[in-house]
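To start, the structure under review is shown below, and the notes come after it.
Atoms within a ligand are numbered from 1 in the order they appear, just like the ligands themselves. Predicted, not measured: the structure shown is a model, and the values here were computed from it.
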Amino acid sequence: MKQSQLFTKTQKNAPKDEMSLNARLLIRGGFVDKLMAGVYTILPLGWQVLKKIEQIIREEMNNIGGQEIFMPALQPKENWEKTGRWSTMDDLYKVKDKSDREFALGSTHEEIISPLMKKFINSYKDLPFAAYQFQNKFRMELRAKSGVLRGREFLMKDLYSFHLDQKDLDEYYEKAKIAYKNIFNRSGIGEKTFLTFASGGSFSKYSHEFQTLTSAGEDVIHICNKCNMAINKEIKDETPECPECKSTEFREEKAVEVGNIFKLGTKYSAPFDLTVTNEKGEKTPVVMGCYGVGLQRLMGTIVELNNDENGIIWPETVAPFKVHLISLGKNEEAEKIYNDLEKNNIEVLYDDREDTSAGAKFADADLIGIPYRVVVSEKSLAGGGVEMKKRNEKESEIIKIDQLFEEIKK
Ligand code: ATP
Ligand code: MG
C-alpha cells in the first residue's frame with residue numbers, strides 16, 4: 001500500500017485524556033481512534049494487525065477441531081432469564097425497543113449457543129465437537145482506563161466445546177491449553193505469559209487464565225518459583241501452596257489476563273435441556289467447556305511489551321506490513337522495488353510521499369513499527385543498493401537489491 005493513499009496520519013501527541021501507553025501509541029500511529037472511553041474504531045493499520053491476530057487464533061482453533069460460526073450480538077432477554085444471569089450479571093448492557101421488549105447486548109454467548117446446539121444434537125454419536133466465533137462483545141466496564149485492554153465493546157474469540165462426559169472434556173481442555181499457548185507464542189508474548197489458576201465457578205475448582213506480565217495489567221498473580229505456574233491473587237489466600245507442585249514460594253507480579261478457559265460442566269446445558277442419549281439409551285446432559293480471548297486486549301498487550309521511546313516495535317507475525325519502504329526524493333528505483341515486493345506477495349507499506357521530509361518519514365516509520373525499514377535514496381543507490389534497518393536494531397546496512405529479497409524472505 002502507498003502511504004500517500006492512507007487516509008490516516010500519524011500524530012505527534014496522543015489525546016490528553018488518554019493515559020494508557022498502548023492506546024497512546026496506537027492512536028499516534030494511526031492504528032485506532034478513540035470514540036469514547038473503552039470504545040475504539042479500528043483504522044486500516046490496526047485492522048491489518050487484528051486480522052493477523054485473528055488468523056493465528058483461527059488456525060489454532062481449527063487445529064483443535066473448532067468450527068467457525070457467527071452469532072448475534074442482539075439477544076432475547078428470555079435466554080438470559082433461563083440461566084438467571086439477566087439479574088446477576090452486572091456488566092450486561094440491556095436495551096429496550098419501542099414495544100418495551102428487552103434485549104441483551106451479548107457479553108458472552110453461552111445463552112445463545114446452548115439452545116442453538118439443542119437443535120442439532122441428539123445422540124452421543126454427535127459428540128464431541130466445538131464451535132467458535134470472532135464477534136463483538138459488550139460489557140458495562142465502569143473503569144475503562146486501560147486503553148484497548150479494557151473495552152466496553154471489543155472483539156472476542158469465544159470457543160465452546162460439547163462432550164458426553166467429564167473425562168472427554170478434561171482431555172479436550174488440555175488440548176485447548178496447548179492451542180492457547182501456541183497463540184501467545186506465535187503473537188510474540190509467549191515468554192511473558194503464565195498459565196494461572198483462577199476461580200473456577202460452580203463446576204470445577206479452578207479455571208485457567210493466561211496472564212501476561214506488564215505494569216499495565218489490572219491483575220496480580222503469584223508465580224510459583226519452582227514450576228512457573230501462577231495463581232491469581234483473587235484465590236491466593238485459599239490456595240497457599242502451588243496446586244501443580246505443592247511449593248509455597250512465589251513471586252508477585254502485575255499482569256493482564258489475555259485469555260481464560262473454563263470447564264462449565266452442565267451449568268448451561270441444564271437450563272436449556274441440552275441433552276443426548278448415551279450408549280445405553282439414557283438421556284444425559286451435555287458437558288461443556290468455554291475458551292475466550294480478547295483481540296484488542298491481545299493487540300494492546302503486544303504493544304505494552306514491544307515499544308521504545310519512538311513507538312511500537314511489532315513482532316513480525318502480527319505486524320501490519322513486513323516492510324516499510326521509504327523513498328527519499330523522487331526516484332524510480334523505489335517504485336520498482338515496491339512493485340517487485342508486491343509481486344512477490346511481501347506486504348509493504350511504501351512511503352512515496354513527495355512533500356514529506358526524511359526526518360518526518362523516519363519518525364513515522366519508528367512510530368508505526370514495521371519490522372524492516374528499507375530506504376531508497378540517491379545516497380543508498382550510490383552505495384550499491386538500499387539501506388535496510390530492522391525496527392528493533394540501531395544500525396542500518398547498505399545491501400544490494402537482490403539481497404534485500406533474500407533477507408526478507410527468510
Ligand atoms: P477481566 O477480569 O479483565 O474483566 P474477564 O475475566 O471478565 O476479564 P472473560 O469473561 O474471562 O473476561 O473474557 C475472556 C477474555 O476476553 C479475557 O481473557 C480477555 O482476553 C477478554 N476480555 C474480557 N473483558 C475484556 C474487555 N473489557 N476488553 C477487552 N478484552 C476483554
Ligand atoms: Mg476471565
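In terms of protein heavy-atom proximity, atom 5 (P) of ligand 1 is nearest to Arg139 NH1, 3.7 Å. When hydrogens are left out, the protein atom nearest atom 22 (N) of ligand 1 is Phe154 CE1, 3.6 Å; that is the closest non-hydrogen contact. For atom 1 (P) of ligand 1, the nearest non-hydrogen atom of the protein is Arg150 NH2, 3.6 Å. Remark: minimum distance from atom 16 (O) of ligand 1 to any protein heavy atom is reached at Met156 CE, 3.5 Å.
Ranked by closest heavy atom to atom 3 (O) of ligand 1, the top entry among Arg152, Arg297, Lys137 is Arg297. Taking each of Glu257, Gln296, Glu153 in turn, the one with a heavy atom nearest to atom 17 (C) of ligand 1 proves to be Glu257. Among Gly151, Gly300, Ser207, the residue whose heavy atom lies closest to atom 27 (N) of ligand 1 is Gly151. Ranked by closest heavy atom to atom 11 (O) of ligand 1, the top entry among Val148, Thr301, Asn260 is Asn260.
Tyr173 carries Lys263 over the face of its six-membered ring, with the cationic atom under 6.0 Å from the centre and within 45° of the normal.
Heavy atoms of Thr108 found under 4.0 angstrom from ligand 1: none, in either backbone or side chain.
No donor-acceptor contact under 3.5 angstrom links the side chains of Gln211 and Thr196, judged on distance only.
The contact set between ligand 1 and Val258, taken as ligand atoms under 4.0 Å from a residue heavy atom, comprises 18 (O), 20 (O).
With respect to the Mg ion (ligand 2), Glu257 has OE2 as its nearest N, O or S atom.
With 2.8 Å as the limit, Ser207 does not count as an N, O or S neighbour of the Mg ion (ligand 2).
Ligand 1 has no N or O atom lying under 3.5 Å from any N or O atom of Phe262, backbone or side chain.
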